Novice: 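Attaching a single structure in structure tokens format; questions to follow.
Owing to the predicted nature of the structure, the values given are computational and were not obtained by experimental measurement.
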Amino acid sequence: MAKGVTKQSVDFAKWYTDVVLKAELADYGPVKGTMVIRPYGYALWENIRNIADEMFKKSGHVNAYFPMFIPESFLKKEAEHVKGFAPECAVVTHVGGKKLKEPLYIRPTSETIIWSMYKKWINSYRDLPILINQWVNIVRWEMRTRLFLRTTEFLWQEGHTAHATASEAEEEARKIIEIYRQLAENYMAMPVHVGGKTDAEKFAGAVRTYTIEAMMGDKKALQVGTSHYLGQNFARAFDVTFLNTENKIEYVYATSWGVSTRLVGAVIMTHGDDKGLILPPKIAPYQIVIIPIWKNDKEKSQVLEAIGKFRGELKSRNIRYLVDDNEQTSPGWKFNQWEVKGVPLRVEIGPRDLEKNQIVLVRRDIKGRKFVSLEKAAESIEKLLETIQNDLFKKALDFREKNTFSVENYDDLKKVIEDGGFVKAFWVGNGDMEAKIQQETKATIRCILFDQKDKGTCFYTKKPADKITIFAKSY
RNA sequence: CGGAGCGUGGCGCAGUCCGGAUAGCGCACCUGAAUGGGGUUCAGGGGGUCGUGAGUUCAAAUCUCACCGCUCCGACCA
């Protein structure tokens with residue numbers, strides 16, 4: 001025990017839990033299903049969050065904060081919504097020992113409380129659009145929980161926008177799913193399928209749900225972000241109307257969208273290997289870890305002096321680094337420790353290197369070491385980090401494509417799902433057929449792909465089809 | 001909610017079937033020394049209401065009953 005993590009091939013779920021715990025990303029909280037996000041895990045989340053936050057702001061959104069307590073009556077105003085969320089809500093019934101007249105729901109999502117406020121704020125088309133986002137915790141009392149992937153309480157952002165026209169709201173929902181795609185692919189190095197959800201899989205209360213779906217290391221799908229076009233459903237429920245340019249009263253059009261701490265789980269399961277985590281440089285808390293090696297005080301000061309030579313340059317290039325000069329642990333121990341923690345690049349520097357005026361670079365994602373001169377250290381490191389970022393994406397994309405199969409009939413689909421992987425297939429079936437397939441194979445339609453122009457034959461109904469869907473088992 | 005398993009120092013476990021003496025091991029922790037380029041070695045040390053409650057017994061971690069909690073596998077979900 002104590003050393004290493006369970007091999008992926010032995011038990012992927014166990015591997016995942018081992019990695020989260022041993023990399024010190026998170027720990028179990030005292031209340032069932034809750035999670036403590038530890039500093040290293042939180043740093044990773046912060047990096048992802050900050051990137052997303054900047055993207056939202058650049059596209060015209062602003063942050064705000066709404067209360068976590070929602071009156072029961074609010075939740076009940078939108079029929080689909082309450083049906084979808086009420087069963088998994090935590091409810092406050094007592095305050096100060098006294099029973100409340102109206103129970104307070106702890107937000108499972110904030111559409112209702114936000115739209116109750118939008119009613120106050122929106123009168124005219126001149127008040128639109130409202131483009132608000134909030135970073136908050138929410139509570140959903142799920143049956144089965146897994147660290148980062150599905151916890152009772154989790155952190156996320158939820159955007160809630162209000163628009164004067166359906167097309168503008170629709171455009172917003174699509175704009176956001178594109179931002180999510182960029183976040184996943186360009187920063188987390190995680191290739192995603194972008195598309196729409198079927199009615200069965202869409203958000204409770206939405207007209208349409210858009211999604212990004214990624215393939216994890218066990219070939220299962222993970223929904224990593226969703227953006228919903230809500231139409232006028234919530235505006236009707238909360239009676240939010242505005243006067244348009246023609247002086248006519250109209251219901252407001254809405255969107256909502258979110259990504260959560262699940263993203264952290266997605267990174268782990270996209271890139272990790274049997275040694276532990278592998279983090280893409282753009283989101284890694286430490287992009288490099290520098291491990292100095294010495295035997296005596298003389299060597300120590302020489303090594304530290306050498307590090308000092310390129311330290312400043314690392315800083316000026318905005319490279320996040322850590323010098324692990326802990327004298328209590330051996331270099332070998334550090335190597336292993338930082339590999340579990342997924343630091344993309346390790347720098348070793350010891351007496352032997354000083355003689356040659358060099359440093360040793362070891363990539364986390366591939367085998368082998370590289371030697372570069374001390375003078376070129378910072379420059380080489382910066383370049384290598386870029387390479388690692390790109391290689392991780394390529395590797396993940398390659399893995400997904402190798403495990404994605406086109407099928408022309410139902411038997412083929414069953415076989416692919418059985419063996420593990422994504423099915424890419426033409427589809428025009430209805431919800432009942434979808435449910436039947438799910439029951440028989442446990443696979444669901446993860447998404448109906450965007451930007452798809454080919455025509456073919458539905459593998460299930462044999463009817464002409466112009467939509468391609470991804471079927472997979474999912475988390 | 002259905003199925004399976006587990007509660008013993010901080011963590012992971014053995015001991016439980018077949019009751020008996022001071023409850024044992026690994027990791028972690030503390031002290032000292034040597035080590036230090038792939039999870040270092042040796043010596044010494046601290047720490048446990050055996051999940052909770054009741055019962056059986058001369059005697060319970062061990063047998064009986066009840067309760068509580070957790071993890072994993074299924075239906076729901078970001």
Side-chain angles (χ1 to χ4, degrees), chain A residues 1-6 11-14 16-18 21-22 27-34 83-89 108-109 136-158 180 197 200-204 209 211-214 221-228 256-266 275-276 291-297 299-300 303 325-340 346-356 358-360 362 367 369 371 435 438-439 442 444 473-475:
Chain A
M1 245 340 252
K3 289 179 189 175
V5 296
T6 305
D11 184 343
F12 195 85
K14 184 89 195 314
Y16 176 81
T17 307
D18 282 357
L21 297 176
K22 291 210 167 121
D27 206 346
Y28 291 103
V31 174
K32 180 183 160 67
T34 61
K83 213 172 92 190
F85 284 108
E88 60 191 40
C89 282
T109 177
V136 297
N137 61 333
I138 66 173
V139 170
R140 294 183 189 174
W141 223 268
E142 302 285 354
M143 285 299 186
R144 288 202 51 221
T145 55
R146 303 248 271 119
L147 295 167
F148 286 113
L149 297 178
R150 194 182 307 103
T151 45
T152 300
E153 178 192 4
F154 59 93
L155 305 182
W156 78 345
Q157 58 72 215
E158 46 180 330
Y180 287 166
K197 283 287 186 189
E201 296 275 328
K202 75 181 187 193
F203 176 75
T209 290
T211 181
I212 54 171
E213 301 275 333
L222 184 71
Q223 177 176 310
V224 281
T226 47
S227 175
H228 317 288
S256 70
W257 28 275
V259 291
S260 71
T261 34
R262 171 178 277 189
L263 290 175
V264 174
K275 284 182 179 171
I291 300 184
I293 294 153
W294 63 69
K295 287 181 184 140
N296 52 50
D297 284 349
E299 287 176 354
K300 177 179 172 180
V303 167
D325 56 2
N326 185 345
E327 296 192 47
Q328 306 301 316
T329 51
S330 68
W333 194 90
K334 290 173 186 172
F335 295 167
N336 284 285
Q337 176 70 7
W338 291 109
E339 277 167 5
V340 173
R346 179 174 83 228
V347 177
E348 301 170 22
I349 177 160
R352 274 185 235 155
D353 305 305
L354 291 182
E355 281 171 24
K356 299 178 196 162
Q358 66 174 22
I359 58 167
V360 183
V362 184
K367 281 195 175 117
R369 50 192 60 199
F371 305 91
Q438 175 172 9
Q439 205 175 16
K442 287 176 188 161
T444 50
K473 281 191 200 168
S474 77
Y475 275 91

Novice: With sequence neighbours left out, write down each residue that passes salt bridge (Lys or Arg N to Asp or Glu O under 4.0 Å) with A:R346, or none if nothing qualifies.
Specialist: A:E339, A:E348
Novice: How far does the C1' atom of B:A61 sit from the matching atom of B:G48, given to the nearest Å?
Specialist: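 Looking at atom C1' only, B:A61 and B:G48 are 12 Å apart.
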Novice: Considering only atom P, compute the distance from B:C13 to B:G32 and round it to an integer number of Å.
Specialist: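 33 Å, rounded to whole Å.
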Novice: What residues form a side-chain contact (heavy atoms from CB on, under 4.5 Å) with A:Q157, not counting sequence neighbours?
Specialist: A:F56, A:N133, A:W135, A:Y180, A:W257, A:V259
Novice: Between the protein and nucleotides 42-46 of chain B, which nitrogen or oxygen pairs are less than 3.5 angstrom apart?
Specialist:
none

Novice: Provide the distance between the two P atoms, one in B:U62 and one in B:A66, to the nearest whole Å.
Specialist: 16 Å
Novice: For A:K334, what residues pass the side-chain contact (heavy atoms from CB on, under 4.5 Å) criterion, not counting sequence neighbours?
Specialist: A:I291, A:D324, A:N326, A:T329, A:W338
Novice: Going by side chain to side chain donor-acceptor pair (under 3.5 Å), name the residues that satisfy it together with A:S260, two or more places apart in sequence or in a different chain.
Specialist: none
Novice: Picking from B:U71, B:G38, B:G36, which would you name as closest to the side chain of A:R346?
Specialist: B:G38
Novice: In whole Å, what is the span from the CD1 atom of A:I291 to the P atom of B:G39?
Specialist: 13 Å
Novice: Where do N or O atoms of nucleotides 30-32 of chain B meet protein N or O atoms at under 3.5 Å, pair by pair?
Specialist:
none

Novice: Run the side-chain contact (heavy atoms from CB on, under 4.5 Å) test on A:R146 and A:T17 for me, step by step, so that the C-alpha distance in whole Å, both residues' side-chain angles and the decisive distance to 0.1 Å come before the verdict.
Specialist: CA-CA 8 Å; A:R146 303 248 271 119; A:T17 307; 4.2 Å; yes
Novice: Give each stem of RNA chain B as a range with a range, requiring at least 3 consecutive Watson-Crick or G-U wobble pairs whose two distances are under 3.5 Å.
Specialist: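 The stems are B:1-7 with B:68-74, B:10-13 with B:24-27, B:29-34 with B:40-45, B:51-55 with B:63-67.
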Novice: Tell me: CG of A:N336 to P of B:G38, nearest whole Å?
Specialist: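 Whole-Å distance recorded here is 10 Å.
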Novice: Send over the distance from A:K22 NZ to B:C11 C1', rounded to a whole Å.
Specialist: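 The answer, rounded to whole Å, is 10 Å.
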Novice: Starting at atom CZ of A:F12, determine the distance to atom P of B:C72, rounded to an integer number of angstrom.
Specialist: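 Atom-to-atom, A:F12 to B:C72, this comes out as 15 Å.
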Novice: Answer yes or no: is there a side-chain heavy-atom contact under 4.5 Å between A:E201 and A:T211?
Specialist: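 No, side chains not in contact.
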Novice: Expressed in whole Å, how much space separates the C1' atoms belonging to B:A23 and B:C70?
Specialist: 24 Å
Novice: Does any part of the side chain of A:T34, heavy atoms only, come nearer than 4.5 Å to the side chain of A:T151, both counted from C-beta?
Specialist: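 Of all side-chain heavy-atom pairs linking A:T34 with A:T151, none is under 4.5 Å.
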Novice: Quick check: closest heavy atoms across A:L21 and A:L147, and the distance to 0.1 Å?
Specialist: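 That would be CD2-CD1, 4.1 Å.
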Novice: For the side chain of A:R369, counting heavy atoms from C-beta on, which of B:G36, B:G38, B:G39 is nearest?
Specialist: B:G38
Novice: Which value, in whole Å, describes the distance between the C1' atoms of nucleotides B:C67 and B:C58?
Specialist: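 My reading of the C1' atoms in B:C67 and B:C58 gives 29 Å.
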Novice: With sequence neighbours excluded, tell me which residues meet side-chain contact (heavy atoms from CB on, under 4.5 Å) with A:D325.
Specialist: A:P292, A:W294, A:V323
Novice: Nearest whole angstrom, please: distance from the C1' of B:G12 to the CG of A:L21.
Specialist: 12 Å
Novice: Assign A:V259 to base, sugar-phosphate, or nothing according to its heavy-atom contacts below 4.0 angstrom with the strands shown.
Specialist: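 No contact.
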Novice: Rounded to whole angstroms, how far apart are CD on A:Q328 and C1' on B:C29?
Specialist: 13 Å
Novice: Write out a two-atom table: protein N or O, nucleotide N or O from nucleotides 76-78 of chain B, distance below 3.5 Å.
Specialist:
from: B:C76; atom 1: O2; to: A:E142; atom 2: OE1; distance (Å): 3.2
from: B:C77; atom 1: O2'; to: A:E142; atom 2: OE2; distance (Å): 2.9
from: B:C77; atom 1: O2; to: A:R150; atom 2: NE; distance (Å): 2.7
from: B:C77; atom 1: N3; to: A:R150; atom 2: NE; distance (Å): 3.2
from: B:C77; atom 1: N3; to: A:R150; atom 2: NH2; distance (Å): 3.1
from: B:C77; atom 1: N4; to: A:Y475; atom 2: O; distance (Å): 3.2
from: B:A78; atom 1: O3'; to: A:Q223; atom 2: NE2; distance (Å): 2.5
from: B:A78; atom 1: O2'; to: A:Q223; atom 2: O; distance (Å): 3.3
from: B:A78; atom 1: O2'; to: A:R262; atom 2: NE; distance (Å): 3.1
from: B:A78; atom 1: O2'; to: A:R262; atom 2: NH1; distance (Å): 2.6
from: B:A78; atom 1: N6; to: A:T151; atom 2: N; distance (Å): 3.3
from: B:A78; atom 1: N6; to: A:T151; atom 2: O; distance (Å): 2.8
from: B:A78; atom 1: N3; to: A:S260; atom 2: OG; distance (Å): 2.9

Novice: Can you tell me how far C1' in B:U22 sits from the matching atom in B:U31, rounded to whole Å?
Specialist: 25 Å
Novice: Taking only the P atom of each, what is the distance from B:G44 to B:C27 in whole angstrom?
Specialist: 15 Å
Novice: Got a sec, which residues hit salt bridge (Lys or Arg N to Asp or Glu O under 4.0 Å) with A:K197, two or more places apart in sequence or on another chain?
Specialist: A:E213
Novice: Say you pick atom P in B:G15 and the same atom in B:G24; how far apart are they, in whole Å?
Specialist: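 The answer is 16 Å between these two P atoms.
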Novice: Is there side-chain contact between A:E88 and A:E142, with at least one heavy-atom pair below 4.5 Å?
Specialist: yes
Novice: Select from A:K442 and A:F335 the residue whose nearest nucleotide in RNA chain B is closer to the 5' end of that strand.
Specialist: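 Whichever sits nearer the 5' end wins; that is A:F335.
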Novice: Tell me, please, which residues at least two apart from A:K300 pass side chain to side chain donor-acceptor pair (under 3.5 Å).
Specialist: A:E327
Novice: Checking A:N336 now: which residues fulfil side chain to side chain donor-acceptor pair (under 3.5 Å) with it, not counting sequence neighbours?
Specialist: none
Novice: If I compare all heavy atoms of A:G84 with all of A:A204, which pair ends up nearest, and what's the gap?
Specialist: CA-CB, 3.9 Å
Novice: Examine the base of B:G38 for any acceptor or donor lying under 3.5 Å from a partner atom in the side chain of A:E339, and report the outcome as yes or no.
Specialist: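 In this structure, the two groups form a donor-acceptor pair.
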Novice: Just how far, in rounded Å, is P of B:G37 from CD of A:E299?
Specialist: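 Taking CD of A:E299 and P of B:G37, I get 12 Å after rounding.
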Novice: Of the options B:C72, B:G37, B:G39, whose atoms approach the side-chain atoms of A:D353 most closely?
Specialist: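 Output: B:G37.
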Novice: Decide yes or no for A:R140 and A:T109: does some side-chain heavy atom of the first lie under 4.5 Å from some side-chain heavy atom of the second?
Specialist: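 Yes - at least one pair of side-chain heavy atoms lies under 4.5 Å apart.
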Novice: Please report, rounded to the nearest Å, how far the P atom of B:C72 is from the CZ atom of A:R146.
Specialist: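 From A:R146 CZ to B:C72 P: 7 Å.
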Novice: For a 4.5 angstrom cut-off between non-hydrogen side-chain atoms, does A:I212 reach A:V224?
Specialist: yes
Novice: With heavy atoms under 4.0 Å as the rule, sort A:P87 into base, sugar-phosphate or nothing.
Specialist: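 If one applies the 4.0 Å heavy-atom cut-off, A:P87 turns out to touch nothing in the nucleic acid.
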